[in-house]
Each structure stands twice: as structure tokens, then as C-alpha cells.
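Here the structure comes first, spelled out in C-alpha cells, and everything after it is commentary.
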Amino acid sequence: MSVATNRQNRFDRRLWRKFWAIAKPYWFSERKWKARGLLLLLLLLSFAVNAINVSISFIFRNIDTSLARFPQTKDASTFWQFIFIYIGLLAIGTPIVVMFAYLRDKLGLAWREWLTNRFLNKYMQNRAYYQLNFNGNIDNPDQRIAEDVRAFTRTSLTFLLLILTSVITLISFTAVLLSISVSLSISLLIYAILGTIITAWIGQRLISINFDQLKKEADFRYGLIHVRDNAESIAFYQGEAEESIGLRQRFLAAIRNFDLLISWQRNLGFFTTSYNYFVYALPYLVVAPIYFAGNTEFGTFAQAAIAFRQIFNALSIVVDQFENLTAFAAGVERLSSLTNALENPSQVQPGSTTIDVTEAAKLAMQRVTLLTPNHQRTLVEDLSLSLEPGEGLVLVGNSGSGKSSILRAIAGLWNAGTGHLTRPQLQEMLFLPQRPYMVLGSLRSQLLYPHTDRQIDEEQLRQILAQVNLTDLPERVGGFDAQLDWANVLSLGEQQRLAFARLLLTQPAYAILDEATSALDLANEKRLYQQLKAMETTTISVGHRASLLQYHKYVLNLAEDTRWQLMLAEEYQQTQQI
Ligand SMILES: Nc1ncnc2c1ncn2[C@@H]1O[C@H](COP(=O)(O)OP(=O)(O)OP(=O)(O)O)[C@@H](O)[C@H]1O
């Protein structure tokens with residue numbers, strides 16, 4: 001066996017294993033009985049469809065023979081008898097064929113629902129959605145969960161049933177065909193096997209092209225979404241020309257690859273089309289010598305053509321479905337790599353160390369060295385500090401010195417490094433990130449996020465809004481149930497105050513504020529920090545403004561070369577004034 005074939009076999013085996021790993025859980029899940037029951041029903045229906053097809057071949061054999069005999073016998077009644085049988089069969093067959101397709105799609109839908117939920121659960125667990133951003137191998141997880149899962153469940157079922165029905169068809173019509181001619185059966189078998197081998201050989205390249213196509217289409221769509229999400233910034237920069245070049249490049253990449261795809265489909269088409277056409281002539285060529293020798297009746301031609309077509313279709317599923325199979329294989333690869341990435345979202349490399357974390361009532365660090373997730377840069381070295389509840393800490397330092405990264409380490413988003421971190425439970429801490437986060441939903445859910453199921457009456461919500469100086473917001477936007485594109489409708493300062501309102505509602509023991517008041521005027525900032533103090537919330541802030549110092553006891557000053565300095569806020573203020 002050549003090296004290439006060996007590699008191909010390994011690839012096929014791996015693909016099969018990957019397919020099974022994605023497909024199996026549903027068929028062994030809590031929904032397994034419903035799924036298996038439906039599959040069994042579909043099998044029974046496909047038996048019925050097959051029996052109908054076999055009957056049709058006999059009906060037409062008799063119809064054609066009665067027509068051929070007519071000049072001698074002058075008997076039309078046999079002809080009409082079989083026409084009526086055929087009509088009766090149609091009446092029974094139609095609902096069976098329609099229900100078969102309907103139930104197949106129903107099962108596909110149930111499977112998709114289950115599998116998508118499974119992916120969504122894993123995607124939202126252990127912050128996998130965040131960690132995947134740093135995984136260069138997983139592009140567009142959104143497309144994988146939305147599109148690839150849909151295609152996977154649908155196509156798997158279609159193929160499975162196609163293969164099962166093909167086997168049934170093969171067995172029943174081979175019996176029909178053998179009763180006509182053994183040489184006909186053998187020639188058909190050889191023809192179909194050769195066809196499959198040649199198609200698989202020409203079509204190999206389609207698998208990788210299809211894989212690229214899925215990626216490039218998703219990249220293009222993501223580019224468009226990016227423009228929509230950042231419409232205002234682009235408009236201010238007048239960046240249309242640049243954006244348009246970027247979009248066109250992504251589109252062109254998709255188009256070029258598609259061009260390649262259709263060229264290969266054309267190459268395959270030259271073969272499959274001629275292969276499919278020639279098969280019409282084959283049964284006539286094989287039956288004619290038997291007929292001319294007077295060894296069979298005229299109707300055999302019709303029956304042989306039908307049986308031949310059925311068997312040929314059954315044997316040619318690989319040829320017919322090759323393009324779909326390649327697209328399917330590409331989808332399986334994408335889902336399989338996503339599944340693996342979701343199993344181990346933080347991608348901890350073997351041998352690399354992580355910061356130890358324990359939970360306690362206070363926040364402390366012992367000799368913590370923090371690295372970027374790819375382990376390429378050390379941000380801070382040997383950091384030790386201890387903060388009692390009520391003592392605030394403000395992090396200062398140049399841009400890029402690692403202030404936000406320390407907050408990420410406290411939140412458990414980043415853990416590459418060494419040392420020991422003690423922190424309160426995450427439920428007791430609320431983080432307000434640098435860019436205010438506006439959820440998709442109503443004003444009420446905006447305020448209650450991330451615990452939107454809490455029952456808080458509107459009066460209380462109004463009080464909180466008044467505390468952050470947004471008294472008139474509900475009236476302005478149309479009430480607490482109004483759903484708007486909040487990130488674009490509210491000013492940055494308003495978004496920051498809304499995020500602060502969330503904080504006041506949640507009343508966490510610790511508030512971690514990453515430049516969360518940078519867009520506010522000093523009076524608003526003071527008001528908000530005073531409210532946090534009144535709630536006895538311990539604050540850990542990042543900011544460049546001197547005004548923040550007065551609300552915290554300590555200052556952690558980060559230098560860019562991984563050094564740091566911890567001092568009392570008052571002392572720090574004095575050093576700044578000198
Ligand atoms: N996902 C990442 N992978 C690798 N490096 C990163 C990643 N995110 C940020 N960095 C780098 O880590 C360094 C520290 O970033 P960080 O956001 O902590 O800075 P910062 O001090 O908060 O800056 P600023 O004041 O501008 O917000 C920066 O040099 C940044 O480029």
C-alpha cells in the first residue's frame with residue numbers, strides 16, 4: 001500500500017472516530033428512547049417504501065408485456081388491471097414517502113436542539129467563551145455552534161438513512177435482477193464499484209476546499225458584524241474606505257475559494273454526469289441479447305431498467321453524495337476541534353505553572369508572578385500584598401503595565417504564573433470592566449444583570465437610578481421594559497453610571513472597578529464612591545485620576561519592567577505633589 005493511501009486510511013479512520021465522538025452522546029442521552037424509537041420507525045417506513053418500489057417494477061413489467069402481446073392476443077384487460085393496481089399503490093405509497101421525509105427532519109431537529117444545547121452549555125461553562133479567544137486554532141465558534149451543528153445533525157441522518165435504505169434496496173432488487181440475468185447483475189456491480197473508486201480519487205481535494213470555504217464565509221460574516229458593532233467609531237474616523245477594503249478582502253477570499261470549489265466540482269461533474277447517463281443504456285445492452293435469443297419477454301426491459309436504476313442508485317451513494325460528504329467531513333473536523341477546545345478551554349500547556357488560588361474573607365497575594373496567557377510576557381514579579389475588608393486599593397501605572405491583568409488574575413480569568421492568591425468567593429465580588437458592558441435586553445435586565453431573575457420593584461429601581469443621576473432614563477427610553485441597542489444609544493458616561501447602578505443593586509462585598517468612572521465628571525465620581533463606602537463595599541480600582549486616591553487606603557504602583565511598589569494612598573499623593 002502506498003504512503004498516500006495509508007495516510008488517507010488513517011485520515012478516514014480518524015474522521016470516523018471524530019464523527020462518532022460528536023454523534024454518540026445523543027443516542028445514549030436521556031432522550032435516547034425517543035430518538036431510537038423514531039429511527040426504528042423510519043427504518044420500518046423505508047422497508048415499506050422499498051416494498052412499494054419492488055411492486056412497481058413488477059407492475060410495469062406486466063404493463064409492458066401486455067402492450068407487447070396486444071397485436072396477437074387483443075386483450076386490454078390485463079393492461080387496465082395493472083394500471084388500477086398502480087393507482088392503488090400510489091394512494092398507499094404517497095403518505096408513506098411523505099411521512100418518511102417528515103419524520104427524518106423531525107428527528108434531525110430534535111437532535112440539533114439537544115446537541116446545540118450541549119455545545120452552548122460547554123461554551124458558557126468555565127468561561128470557555130472567553131478562553132477560546134486566545135486559541136488561535138478555533139476560528140468563529142459562533143458559526144460552529146449555529147451552522148455546523150445544524151448541518152451535522154441533518155446530514156448525518158440523511159446519510160444514515162440513505163445508507164440503510166440503499167442496503168435494503170440493494171438486497172431486494174438484486175434478487176429481482178438475478179432472476180432476470182446473472183451477467184446483468186455482475187456488470188452493474190463492476191460498473192458501480194469502479195465509479196465509486198474514481199469519484200473518491202478525483203474528489204479528495206474537495207474536502208480541504210470545503211473546510212476552507214466554511215472558515216472564509218464565517219470570516220466575511222464576522223467582518224460585517226464588526227462594522228455594525230463599531231459603526232459610530234468608523235463613521236467618526238471616516239474609515240469607510242479602509243473598512244471596505246478589509247471587507248472586500250474577506251469576501252474575495254471566500255469567492256476565490258468558492259471558485260476553486262466549483263472548478264473541482266466541474267472536474268468531478270465531467271465524470272459523474274457521463275457515468276450517470278451511460279447507466280441508462282447498460283440494462284438494454286445486457287438484456288437485448290437474451291431477448292433476441294427469445295429467452296425472455298418484452299416487459300423484462302422495463303423491469304430491468306427499474307431494478308437496474310434502483311441498484312445503481314444504491315451502489316452510487318458515494319458518487320452522488322461525494323460533494324455533500326466532503327462538506328460534511330469539513331463540518332465534522334470543525335465540530336471536533338471545537339469539542340476538544342471546550343474540554344480544555346484554558347489550554348494549560350504541559351509543564352507551565354499556574355497561580356494557586358484559595359478562597360477566604362480577605363484579598364491577599366504571596367509572591368505572585370503574573371504572565372500573559374501565552375506565557376510570553378511577565379507583567380509583574382513577586383507581588384505580595386494583603387487587604388483587610390474595608391481597605392481600598394487603587395492600581396496605578398503606565399498604560400500596558402498590567403493593571404487590568406491583575407484584576408483578571410483576581411477574577412480567575414488569567415492564571416499563568418506562580419505564587420499564591422487568596423480572594424473572597426467570586427459571588428461576593430462584582431467586576432466593572434473598562435468598557436461598560438451593555439446586555440442585549442430591556443432596561444430592567446440591564447440593571448439586574450447578571451442576576452436578572454431577582455424580583456425588584458420599579459420603585460426601588462428608580463431609587464437606584466436616582467443615586468447614579470439617571471432619574472429620567474426610564475421615561476426617556478420608554479420604560480423599564482424598553483429594549484434598545486444600549487451600547488449605541490447611551491453615552492459612555494451614562495453606560496458607566498448604569499453599570500454602577502448594577503453595582504448598587506447587587507451590593508457586593510468587593511467591587512473591582514477597572515477605570516469604571518473614567519468618563520464621569522468628578523462630582524458624579526465622588527457621589528458614586530461615597531455610595532459604595534456607605535454600603536461598606538471594599539473597592540479595588542484602576543484609574544489614572546488623582547481624585548480616586550482619596551477613596552482607597554493603599555496604592556499599588558506598577559512599573560513597566562515588572563517591578564511594583566505598595567504604599568499608603570496619602571504617602572503616594574505626597575510623592576506626586578513633590
Ligand atoms: N490576551 C492577551 N494575550 C497577550 N498579551 C495580552 C493580552 N491582553 C493584554 N495583553 C498585554 O498585557 C499587557 C498588560 O495589559 P493590561 O490590560 O493589564 O494593561 P493596563 O495596565 O491595564 O493598561 P491600560 O492602562 O492601557 O488599560 C499589555 O502589554 C497588553 O498588550
Side-chain angles (χ1 to χ4, degrees), residues 123 126-141 222 226 230 233 341-342 344-349 352-355 357 363 365 368-385 392-419 421 423 429-437 492-493 495-496 499 510-520 525 539-549 551-552 554-567 569 572 576:
Y123 189 57
N126 303 325
R127 293 172 171 155
Y129 60 90
Y130 174 75
Q131 306 290 358
L132 280 190
N133 288 332
F134 310 122
N135 185 338
N137 298 326
I138 305 294
D139 59 84
N140 306 295
Y222 182 71
H226 180 76
N230 297 286
S233 308
L342 290 176
N344 179 17
S346 54
Q347 298 265 305
V348 180
Q349 286 141 9
S352 60
T353 52
T354 53
I355 299 169
V357 179
L363 183 81
M365 294 190 196
V368 167
T369 295
L370 178 64
L371 284 82
T372 51
N374 46 15
H375 294 257
Q376 271 173 356
R377 222 188 112 190
T378 306
L379 295 169
V380 61
E381 230 171 332
D382 271 342
L383 174 60
S384 296
L385 61 85
L393 173 74
V394 59
L395 280 76
V396 298
N398 288 344
S399 169
S401 56
K403 303 180 294 293
S404 303
S405 305
I406 290 183
L407 302 189
R408 291 181 189 118
I410 297 174
L413 301 185
W414 287 14
N415 62 0
T418 54
L421 172 77
R423 61 156 162 75
M429 312 168 92
L430 196 77
F431 290 76
L432 295 196
Q434 207 165 20
R435 254 182 293 168
Y437 174 58
L492 194 61
Q495 291 178 44
Q496 287 192 342
Y510 282 78
I512 318 281
L513 309 166
D514 192 352
E515 299 190 34
T517 51
S518 58
L520 300 187
E525 180 182 270
T539 50
I540 296 165
S541 308
V542 167
H544 294 277
R545 282 192 194 164
S547 57
L548 281 180
L549 295 171
Y551 313 117
H552 303 84
Y554 293 109
V555 171
L556 178 67
N557 187 6
L558 300 180
E560 261 166 75
D561 55 359
T562 76
R563 285 178 301 125
W564 54 272
Q565 208 184 4
L566 183 69
M567 56 176 96
Y572 178 77
Q576 296 298 298

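Start at 1 and go down the list; that is how both ligands and their atoms are numbered. Keep in mind it's a predicted model, so treat the numbers as computed, not measured.
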**Request:** Might you list the protein residues in contact with ligand 1, defined as having a heavy atom under 4.0 Å from one of its atoms, sorted by chain and number?
**Result:** Phe134, Thr372, Pro373, Asn374, Arg377, Leu379, Asn398, Ser399, Gly400, Ser401, Gly402, Lys403, Ser404, Ser405, Arg408, Trp414, Gln434, Glu515, His544

**Request:** For Tyr130, look at atom OH and say whether over 12 heavy atoms of other residues, nucleotides or ligands are found less than 6.0 Å away.
**Result:** yes

**Message:** Please report the interatomic distance CG(Leu395) to CG(Asp514), rounded to the nearest 0.5 Å.
**Reply:** 9.0 Å

**Prompt:** Can you name the residues that form a salt bridge (Lys or Arg N to Asp or Glu O under 4.0 Å) with Arg423, not counting sequence neighbours?
**Reply:** Glu359

**Item:** Sequence-distant partners of Asn126, side-chain contact (heavy atoms from CB on, under 4.5 Å), two or more places apart
**Value:** Pro345

**Message:** Run the side-chain contact (heavy atoms from CB on, under 4.5 Å) test on Leu342 and Leu132 for me, step by step, so that the C-alpha distance in whole Å, both residues' side-chain angles and the decisive distance to 0.1 Å come before the verdict.
**Reply:** CA-CA 8 Å; Leu342 290 176; Leu132 280 190; 4.0 Å; yes

**Prompt:** Can you name the residues that form a side-chain contact (heavy atoms from CB on, under 4.5 Å) with Arg377, not counting sequence neighbours?
**Reply:** Thr372, Leu379

